[in-house]
Amino acid sequence: MFILFLGPPGSGKGTQAKILSKRLGKPQIATGEILRAAVAQGTPLGQKVKEHMDKGQLVPDDVILDLIKDVLDRPDAKDGAIFDGFPRTVAQAQQVDRLLAGRGQRLTHVLLFDVPEEELVRRMHHRATVEGRTDDTPDAIRKRLEVYRQQTAPLVALYAQRGTVHRVEATGSVEAVAEQVKRIVGH
Ligand code: AMP
């Protein structure tokens, strides 16, 4: 099972990916978390991506592609994973297809997390206060929503053509949303 969580920043993908990961015993692979850890540790990767992240822009595709290759090679992701926050561009989506196909695998589910924009902004402001994320400033929040609309939202049509998109009404409580995810995934 390779499950993709697609949706704008603040739509609760991360929270739900953690819950599903625990239930299925499959890893949650979140590029945003991997990159934030690299920035916090000041690794060469972290230094390369910090500025993009702080501005709310996407990190270049080639950086992400290297990262995706590494994570797909992880033994725990051999027969399933939850992709949280990637692919985020058409180029990344094509690369994911190629890498999975090379392993005799494919994406099995695409879940689209749907939340109205005012609610997203409210959640991200809250997260900035609670978690102190440097990419949750008002400017970066606006930028990240714009980047989502322009670069990531086109993936919805791409996956819809294949008939694999399931819409999740993601404004409800964490439990209510988890219940929808469970119904879609069937576990
Ligand atoms: P997230 O935690 O998923 O919202 O990601 C935080 C930030 O990390 C994003 O605003 C991007 O700068 C960067 N990032 C995470 N995943 C990707 C990706 N798949 N492609 C490009 N940039 C990414």
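Residue numbers count from 1 along this sequence. For clarity, every value in this text was computed on a predicted model and none was experimentally measured.
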Counting only heavy atoms not in Arg127, do more than 12 fall under 6.0 Å of its CZ? yes
If hydrophobic clusters are built from ILVMFWY residues whose side chains come within less than 4.5 Å, do Phe83 and Val185 share one? no
Report whether Leu100 and Ile3 are members of the same hydrophobic cluster (ILVMFWY, side-chain heavy atoms less than 4.5 Å apart, transitive linking). no
When rounded to the nearest 0.5 angstrom, what distance separates CG in Leu4 from CG in Leu155? 8.0 Å
Is there a side-chain contact between Leu111 and Leu6, using heavy atoms and a 4.5 Å cut-off? no
Arg144 and Asp136 ion-paired at < 4.0 Å: yes
Does the pair Arg162/Asp97 count as a salt bridge with the N-to-O cut at 4.0 Å? yes
In plain terms, say whether Glu117 and Arg149 are close enough for a salt bridge, that is, a side-chain N and a carboxylate O under 4.0 Å apart. yes
Do Val168 and Met1 share a hydrophobic cluster, counting only Ile, Leu, Val, Met, Phe, Trp and Tyr and linking them when any side-chain heavy atoms are less than 4.5 Å apart? yes
Are side-chain heavy atoms of Leu107 and Thr164 found at a separation under 4.5 Å? no
Given 3.5 Å as the limit, does a donor-acceptor pair link the side chain of Ser11 with the main chain of Val115, or not? no
Nearest 0.5 Å please: distance from the CG atom of Leu112 over to the CZ atom of Arg167. 5.0 Å
For the backbone of Arg142 and the side chain of Glu146, can you confirm whether one donor and one acceptor N or O come within less than 3.5 Å of each other? no
Minimal heavy-atom distance between Thr31 and Gly85, with the atoms involved, is OG1-O, 3.2 Å
Kindly work out whether a path of hydrophobic side-chain contacts (I/L/V/M/F/W/Y, heavy atoms less than 4.5 Å apart) joins Val71 to Leu45. yes
Residue pairs involving residues 106-146 (criterion ring-ring contact (aromatic ring centres under 6.0 Å, His included); sequence neighbours excluded): Phe5-Phe113
Sub-3.5 Å donor-acceptor pair from the side chain of Lys26 to the main-chain atoms of Asp76, do we have one? no
Measure the spacing between CZ of Arg123 and OG1 of Thr15 and express it to the nearest 0.5 Å. 8.0 Å
Cationic N near anionic O, under 4.0 Å, Glu51 to Lys55: yes
For the side chain of Gln47 and the backbone of Gly42, is there at least one donor-acceptor N/O pair under 3.5 Å apart? yes
For a quick test of reading the model, state the closest non-hydrogen atom pair linking Val59 to Met53 and the distance between them. CG2-CG, 4.0 Å
If I take atom CG from residue Leu67 and atom CG from residue Asp61, how far apart are they, to the nearest 0.5 angstrom? 12.0 Å
Using a 4.5 Å cut-off on heavy atoms from C-beta on, say whether the side chain of Phe2 contacts that of Leu72. yes
Looking at Glu33 and Lys18, is any side-chain nitrogen of the basic one under 4.0 Å from a carboxylate oxygen of the acidic one? yes
With clusters defined by side-chain heavy atoms of hydrophobic residues (ILVMFWY) lying less than 4.5 Å apart, directly or transitively, does Tyr159 cluster with Ile64? yes
Between Gln105 and Lys78 (side chain of the first, backbone of the second, donor and acceptor by atom type, cut-off under 3.5 Å), is there such a pair? yes
Are the side chains of Leu58 and His52 in touch, meaning some heavy atoms are under 4.5 Å apart? no
Minimal non-hydrogen separation, Ile29 against Ala77, with atom names: CD1-CB, 4.1 Å
Please report the closest heavy-atom contact between Gln16 and Ala178, naming both atoms and the distance. OE1-CA, 3.1 Å
Residue pair Gly172 / Val177: nearest heavy atoms and the distance that separates them: O-CG2, 3.9 Å
Using 0.5 Å steps for rounding, measure from the CG atom of Leu24 to the CD1 atom of Ile19. 12.0 Å
Keeping to residues at least two apart or across chains, list the ring-ring contact (aromatic ring centres under 6.0 Å, His included) pairs with something in residues 135-154. none
Can you check whether Glu169's main-chain N or O pairs, donor with acceptor, with Gln180's side chain at less than 3.5 Å? yes
Please determine if Lys50 and Asp54 form a salt bridge, counting it only when a charged side-chain N lies under 4.0 Å from a carboxylate O. yes
Atom of Met124, atom of Ile141 and distance for their closest heavy-atom approach: CE-CG2, 3.4 Å
Glu118 side chain near Val121 side chain, heavy-atom distance below 4.5 Å: no
Are the side chain of Arg103 and the backbone of Leu99 linked by a donor-acceptor contact shorter than 3.5 Å? yes
Under 3.5 Å: donor-acceptor pair, side chain of Gln151, backbone of Arg88: no
So Pro27 and Ile82, do their side chains get closer than 4.5 Å, heavy atoms only? no
